[in-house]
Colleague: 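Just dropping this structure here.
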Amino acid sequence: MIWLRSPHRSIDRWGLAVFCIAAIVIVPLGVVLSSLFTVNDEVWKHLVATTLSSVLWNTFFLTLGVALGTTFLGVSLAWLSAATDFPGRRFFDWALILPMAIPSYVTAFVAIGLLDFTGPVQTILRHWLGAEGFWFPQIRSRGGIILVMTLTLYPYVYLLARNAFMTQGRLALEAAQSLGHGRWSGFFRVALPMARPWIVGGVMLAMMETLSDFGAVSIFNYDTFATAIYQAWFGFFSLSAASQLASILVLLVFLLLIIEQRVVSRAGYTGSGRGGGQGDRIQLKGLHRYAAVCFAGLAFLMAFLVPVVQLLIWSFSIFKTDFDLRYFGYIFHSLALGSMAALLTVCAVLILVYANRLHNTPVIRFCIRVATLGYALPGSVLAVGIFIPLAWMDNQIIAHFNIEFALKGTILAMLLAYLVRFLAVGHHAVENAVKRISKHIDESARNLGCTGMDMLRRVHFPMMRGGIFTAMVLVFVDVMKEMPITLMTRPFGWDTLAIRIFEMTSEGEWERAALPSIAVILAGMIPVFLLTRDSNRESL
Amino acid sequence: MTVIELVKVSKSYPTDKTPAAFDISLKVEKGEILALLGPSGSGKTTLLRLIAGFEAPDEGSILLNGNIVSEQGVALPPEKRGVGMVFQDYALFPHLRVSENVAFGLKKMPSRERNEKAGNILALVGLSDYKNRYPHELSGGQQQRVALARALAPGPAVILLDEPFSSLDPDMCVRMREDVTDILRKTGSTAILVTHDHEEAFSMADRVALLNHGRLEQHDTPEGVYHTPLTPFVADFVGKADFIPGVVQGGKLITEIGCLENKTLFHEDAEVMLMIRPDDIDLRPNPEGHARILDRQFRGSENHYRVQLPSGQIIHSSQHSVAYYPNELHVDLQLQITHIVAFDKSIMDQYYNEIRE
């Protein structure tokens, strides 16, 4: 007779694995934060005296501007899409998500290429209106970068707010109507307050993305923490100053993170009743109809259509002269890094998910929470945080074993940084799939004599396959779009499509940056399609 | 032959004050359907999980076909027991077709034999035409039958059904009770059914085990449980019951509604509470009658009256479906008690205190 074995040993094994993954996230964070207490070096003193205050103000205004911009654009578009009807509404429903596929640095350089003094728009205007004396707003400005970031980040707010408006059900609105509120006042008094946790959640995500953005701000020469970290490291060659800047940025991010977690925890399911029929949308009439079409159309035009068309025009004009064998290198590096990171991340995610399923203890839950916080760490912070401990390990190894050895300049450093940054993305996708495997499924499998690896193979893996696939695609695409980690930690010669874009834009060669951008956008479309497919399936 | 035997089984969870199962002993014979009946939190699902092997008892032992499968703190894992289980939410494998779901537990045999066996069982539950569908393409009742077929396929010693009809709508529920009982009888299966619905337990089971706060209060046939409940809880839980105070005097049980032969074990002068079922009382209109009709609920097959006695106590009476009496009508009560059930007054008071908490 075989008795149930006591489970202690296996808890230890899973707990250790989960703890290691959490450590990979915690170490860079700790390294960066500990620099808050280290001695100030000359470069740091110089930075404090010269640029620090402007970097702070720049970061503050940019984040504030993007918060206001994405709130306005995201919420208004979400309401139009979720609760009203106007010509082309069904098209805009998903078309307005498409800007997610364009990295902000691409929109940024297209905006400059188009609207700068030498760009086609100003040139044509000058041609029509006469050369002198007409005023055109400076695109390379605080307003310009806020506009660009708003146009690329509003989909976060749009998606969450739209989801909130769709699922909150018509009952609350109908109750408001029965109490004498029209549909518009119902929006401000009922729908908007009910959706607030989701809206705030979306805006917080947009603000975190803004704080961690590297590409767009460096194209605009708008100094924020992300660029200052890069300059301190690669301009002044002071890793300690970079890490001190990073620690401030981390504190800012954590402030947002705390607000986000507080607000989002309040976002329970407020869906009251199933009455979400399509028939009771507000049918916009007359002028409102056209205003809605124009508004949604303008947003789509500026955030997606114009950048993509401009990129295509540039690509065609440059293709023959610029496309050569080097591109295979960029593409290969992007694909290789993306797939390796995707594989590594999914392995780590599976360990987290399985450990949690087998032993749902407070310690394991806490470690998983820590491990999935990495998405909030800006890439430039992570680059510093991963580089410093690896460099230290290299030195230790050289000192003790007297062998030439380097971890810091290898793919391993990049992959670890990607793992930390994108673990949450993958975890979310797999966890969603695993949630659908109820405890009863496990129990009925056991009842039918199927356990252990057999259960993994015959029941769990087939049920998780979709989630694992989604996780791999999402991580793959995120790595392809990623700029600061790749830029700061890549081994010599490992140039990717994103690096090519960075190099061309830093020389102002917009046309030559267009070709890799198209490739990155095409890859970026995949998650958008996955997203719309999932949301369609959920609404069935 | 005894298939399942529980000997003084106890189980408690650290988070709960009262044990989920306490000192429970019962036997299930081959081919018998046993219903574990009780309110939520009575420990009936815990008992089922102990039998399935998902939990190990703190004390006592469980025997399956005469072999010990669970003892103090240890349990033969469920996959080694040969016990089939049908879950409340069916827990069908969503990625497998109906036939693959049914064949899931049949792995140690050639695939031709396997398919044949799965096919036979699907035919038995009447789902041969659906064998290539996926679970989400089936109705609730069909999913239920697939779950049953899947549990039956490996030929388990006993089938456990955990609130199997609770996610079906009421009409479907009644039909499925009949279908499932038929299938279980046809296959000669031994089955244990968990339910909180006494009608479900009565219509399906050979015997009923009533559980309350983790204790076994009565283990009897449905008729025995209904007509001769051992405790006030059982009397109250398996149907409408009114309790009328009475006293034993001169070999008679004297109550407000009449005198009865004292067939109980209570001695002279004992204060008791007599249990009255609505079908124990007939109403006879009489202007001189002491009882008064308060109101009527029409239930289709019968009329349900609330009647007030002179003392103010309200009792219930069921009359046939065309017996219409107006409110405020004075009536005589005609007793047609087949089984006299009475409880000691102090036990009854204790029960009232319990349910008031």
Side-chain angles (χ1 to χ4, degrees), chain A residues 1-11 274 350 353 357-362 365 429-470 533-534 536-540, chain B residues 45 48-49 51-56 64 67-97 100-108 135-136 146-160 162-163 167:
Chain A
M1 190 172 291
I2 304 152
W3 299 106
L4 200 65
R5 258 190 309 141
S6 93
H8 295 299
R9 270 194 52 208
S10 54
I11 284 191
R274 276 184 265 172
L350 285 177
V353 166
R357 192 174 177 81
L358 293 176
H359 313 289
N360 189 356
T361 62
R365 278 203 302 274
V430 175
E431 178 81 354
N432 270 349
V434 168
K435 260 188 220 151
R436 266 173 283 171
I437 309 177
S438 71
K439 262 203 137 59
H440 284 168
I441 292 271
D442 287 17
E443 289 180 353
S444 60
R446 290 191 70 184
N447 243 300
L448 298 164
C450 170
T451 53
M453 288 309 282
D454 202 26
M455 193 185 326
L456 180 67
R457 186 177 58 80
R458 291 178 70 197
V459 181
H460 288 171
F461 183 70
M463 288 181 75
M464 291 192 299
R465 205 162 36 198
I468 291 175
F469 175 72
T470 308
R533 190 196 64 182
D534 285 351
N536 283 341
R537 195 190 283 160
E538 270 160 32
S539 67
L540 279 178
Chain B
T45 298
L48 202 71
R49 295 174 63 81
I51 296 167
F54 292 120
E55 315 267 356
L64 185 64
N67 303 317
I68 294 183
V69 290
S70 293
E71 257 179 353
Q72 236 172 29
V74 282
L76 184 70
E79 63 271 18
K80 313 265 185 207
R81 290 197 172 203
V83 167
M85 187 142 174
V86 176
F87 291 88
Q88 200 171 353
D89 56 2
Y90 318 136
L92 295 176
F93 302 120
H95 60 290
L96 298 180
R97 293 171 193 282
E100 293 166 325
N101 259 289
V102 174
F104 189 91
L106 306 168
K107 42 176 192 174
K108 286 172 200 127
H136 66 90
V146 176
L148 182 61
R150 184 180 66 176
L152 283 169
V158 58
I159 292 267
L160 309 176
D162 185 8
E163 305 250 1
S167 40

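In what follows, every chain begins at residue 1, and chains take the letters A, B, ... in the order their sequences are listed.
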Colleague: What verdict does the side chain to side chain contact (heavy atoms under 4.5 Å, CB included) test give for Arg465(A) and His95(B), after you've listed the backbone C-alpha separation in whole Å, the side-chain angles of each residue and the deciding distance to 0.1 Å?
Modeller: CA-CA 10 Å; Arg465(A) 205 162 36 198; His95(B) 60 290; 5.7 Å; no
Colleague: Nearest 0.5 Å please: distance from the CD atom of Glu431(A) over to the CE atom of Met464(A).
Modeller: 11.0 Å
Colleague: Is it the side chain or the backbone of Leu92(B) that comes within 4.5 Å of chain A heavy atoms, both, or neither?
Modeller: backbone
Colleague: Going by side chain to side chain contact (heavy atoms under 4.5 Å, CB included), name the residues that satisfy it together with Arg365(A), two or more places apart in sequence or in a different chain.
Modeller: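 By the side chain to side chain contact (heavy atoms under 4.5 Å, CB included) rule, Arg365(A) matches Asn356(A), Asn360(A), Pro362(A).
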Colleague: If you count heavy-atom pairs within less than 4.5 Å of chain A, which of Arg150(B), Arg81(B), Gln88(B) leads?
Modeller: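 Greatest number of close heavy-atom pairs with chain A: Arg150(B).
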Colleague: Among Leu448(A), Asp442(A), Ile437(A), single out the residue with the greatest number of heavy-atom pairs under 4.5 Å to chain B.
Modeller: Leu448(A)
Colleague: Take atom CZ in Phe54(B); do more than 12 heavy atoms of anything else shown fall under 6.0 Å from it?
Modeller: yes
Colleague: Check whether Arg458(A) gets within reach of chain B through its side chain, its backbone, both or neither, counting any heavy atom under 4.5 Å.
Modeller: both
Colleague: Can you find a pair of side-chain heavy atoms, one from Val459(A) and one from Phe93(B), that are under 4.5 Å apart?
Modeller: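 A side-chain contact exists here, since the closest heavy-atom pair is under 4.5 Å.
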Colleague: Counting only heavy atoms closer than 4.5 Å, note whether Thr451(A) contacts chain B via side chain, backbone, both or neither.
Modeller: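 The side chain, not the backbone.
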Colleague: Highest number of heavy-atom pairs under 4.5 Å with chain A: which of Ala56(B), Pro154(B), Pro94(B)?
Modeller: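 The candidate making the most pairs under 4.5 Å is Pro94(B).
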